[in-house]
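Here the structure is laid out as structure tokens; the discussion comes afterwards.
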Number of protein chains: 2
Amino acid sequence: MTPRRQSSRAPVTSPAVATVFTTVLTQGPVSRVDVARRTGLSSAAVTKAARPLIEAGYLIERDSEQSGIGRPVSPLEVRADREFFLGVKVTDRELIGVVTDLRARMLVTKFRPLPSRKPDAVVDGIAEMVTALLAESKAYKQRTHCLGVTVAGDVDRDTGHVRYSPFLHWRDVALGGLLAEKIDLEITVDNDVKAITVAERWFGDGVGANSFALVTLGTGIGCGLVVNGGVVAGSHGVAGEIGHIPVFGDGPVCHCGATGCVEAIASTDAIVAQARTATGEAGLTMAEIVTGARLGDTALRKVFARAGVAIGRGLASVANLVGPERIIVSGEGLDAYDLFADEIRETFATQAFGAAAQCELILRPLPFEEWARGAAAIAVQTLFLS
Amino acid sequence: MTPRRQSSRAPVTSPAVATVFTTVLTQGPVSRVDVARRTGLSSAAVTKAARPLIEAGYLIERDSEQSGIGRPVSPLEVRADREFFLGVKVTDRELIGVVTDLRARMLVTKFRPLPSRKPDAVVDGIAEMVTALLAESKAYKQRTHCLGVTVAGDVDRDTGHVRYSPFLHWRDVALGGLLAEKIDLEITVDNDVKAITVAERWFGDGVGANSFALVTLGTGIGCGLVVNGGVVAGSHGVAGEIGHIPVFGDGPVCHCGATGCVEAIASTDAIVAQARTATGEAGLTMAEIVTGARLGDTALRKVFARAGVAIGRGLASVANLVGPERIIVSGEGLDAYDLFADEIRETFATQAFGAAAQCELILRPLPFEEWARGAAAIAVQTLFLS
DNA sequence: CCGGTAAATTAACTTCGTCAAGAAATTAAG
DNA sequence: CTTAATTTCTTGACGAAGTTAATTTACCGG
């Protein structure tokens, strides 16, 4: 188990309380009867469950606005500044840290380079980041109890162990335990993509969906999957590796050793590499490639088009296999990815089987801070998850 | 809702009773303390939950065998002949029907050609099949209450509506309702692959796995997926369409309109077609192709090898995406599929990402009757599922 | 026959949620 | 201004389901 101090403040004590809390959290201001209707609980149960939450300051009653016949509603709302949460995402070269409120809205964002990838150095860096974030406001220092930390790779969320992280060159690092020695907060460590999926599920485009997929484009290409009420974990620590789905029989060999992976064609690195060989200019940067393609360079446009096809095929695989309600495609600076949005949609439409093509495709950018917001979201989640 | 008569006999009245029943059902004879240990219930709760099940005749106490120190255990076991279940699978050309016991073991199997695919004719056929199956034994007639019917395609299990079934050329057929008019049993209609997945989950190779996939090879190529404690349904009625995952960029055009689908290369039809073009002999049958390949015909062997690669890539996609504990690959007469078992395993091993390759691969044949057994399994499931 | 031991049972208690009745806060009508 | 109508919210009795702790049961070995 992650070293966690008993949070006697924990507002959630029973299933019904958790249901009420999460519905108010995600569905905005709602009246008690509405909560009852949406959850299937009795209105009496909602009243009872709401009381301790109100007393603890997590929910507040708003004044009703429109009034019809009968007793006016008194909608319940989350008191977002009741508690603050920290999220830190560890990348291979920097730390991204945020302070958020209860609804995972970012209040402060900080970036800080990572001099070394050694576990000790990373732990120190995170501790410093935490201090710096909390120093931003007295309120943060007083009302922050949870920290979420995310890392790319295979993480055991329950123990806080990082089993394997290729980007950091880590194997079996007890990150949760090391952090707990230096930081006096309830700490949760998890995989970065899973975390950002949790954020979408509770506070983003995943709200209201029974199942959805979140695809992240960038140096790596990952995918978070929500099915049957939970984020898919993967029994051997691997899941959502949409980047390593084989979509082309004759594609280039991926760094993972397989052939025709999406990531070998559509990751930022792969795009740069392909653009360089296509043009013969070895020093091209991503920015130059994007502007070149925008100006109409056919060779460069072809590289993007091919990437779009690869991604579209990957998305179709997800849709055909698990049939999510929505797929959120989200890249670091999807402004650049407008160059293949059309190809993604077209390929998806032709390769998705039957009704799977009805799956809603949302393309939108993913600012770097969002990754840290995901980390904060898993910290928020500790409030109401077991 | 499916027209279902109130089964006052339903033995399951609470979550704990369901847990006890399913653990005894799937884990064979188990002592009460063991059930408690495995489920996390208190032993008192197990005693209480077991009593009504024993009184209703669903569970029996066995005599303990090995005796150590202390009071000897009295293991609980399912009384398999307490109740019988019917399963009928509707294919495009015949009906397959079975009688099973509580543990979904097949007791009788019947095949019957389907003269017409019209809904009325199918309903009549199923009714006749039911009569014939029940006529096999007086006990069946007395102690059968549930019928499961499965169909390929998009089925709404809750209403018993077949939304779309390409093989039967059906669209919006209220099969459940039509059957209920003629058959005096509790009827459940579901998708065939989902049903057979349920059978594996409770009574087959899926027992004990938190997540697994069942891949069926044949005229179509499908996949049932169990994740987060449930069979994946697909929000638009589509899920598990592993056959339409695009794995080759340059593959043949599939009947679904997409390119490079697994099914366009590895379905029985596709194999026959490819074998015919490879050899130039237009009249080749599957049996001839198999024997030819076994005798070493290189052209034919290549066809099988390519199919194996396509399947392996599809399996790798599943493993990379959802990370199941096991994948059961199961074809109609996998005796023929021994011709590409090696390619499947090899391709899977190279294309699975990292730890996903640890996913256990089980290859084994799938006799036709198994499909009907799946139908019976969803009938059994009604006993303890809501 | 008498402890020792582990399984199963029992009984008292706790927790959670429903139900049904009623209190509260408003509009609409006489 | 009073009364009815209407809808939301609250309350308290009740019941279902599961827990803990003590007790009984059924076997062992001396």
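Just so it is clear, the structure is predicted and the values come from calculations on it, not from any experiment. All chains are named by letter (A, B, ...) in the order of the sequence lines, taking the proteins before the strands, and each is independently numbered beginning at 1. Values below: every heavy atom of this structure, side chains too, minus hydrogens, waters and symmetry copies.
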So what does A/Ser14 hit on the nucleic acid, given a heavy-atom distance under 4.0 Å: a base, only sugar-phosphate, or nothing? sugar-phosphate
For the side chain of B/Val73, counting heavy atoms from C-beta on, which of C/dT18, C/dA8, D/dT19 is nearest? C/dA8
Hey, does the Lys NZ or Arg CZ of B/Arg143 hover above the aromatic six-ring of B/Phe84, less than 6.0 Å from the centre and inside 45° of the axis? no
When you measure from the side chain of A/Ala16, which nucleotide among D/dG18, D/dC9, C/dG17 comes out closest? C/dG17
Looking at D/dC9, I'd like to know if its phosphate oxygens (OP1 or OP2) sit under 4.0 Å from a side-chain N or O belonging to A/Ser74. yes
Between B/Gly148 and B/Ala379, which heavy-atom pair has the shortest distance, and what is it? N-CB, 3.7 Å
Between B/Asp81 and B/Arg79, is there a salt bridge with N-O shorter than 4.0 Å? yes
Does D/dT10 have its OP1 or OP2 closer than 4.0 Å to a side-chain nitrogen or oxygen of A/Thr47? yes
Nearest listed nucleotide, side chain of A/Ile69, among D/dT7, C/dA7, D/dC9: D/dT7
Separation of D/dA26 C1' from B/Asp63 CG (nearest whole Å): 13 Å
Taking OP1 and OP2 of C/dT10, is either one under 4.0 Å from a side-chain nitrogen or oxygen of B/Arg51? yes
Please state whether the phosphate of D/dC28, meaning OP1 or OP2, lies under 4.0 angstrom from any side-chain nitrogen or oxygen of B/Arg71. no
Under the 3.5 Å rule, do the base of D/dT19 and the side chain of B/Lys48 count as making a donor-acceptor pair? yes
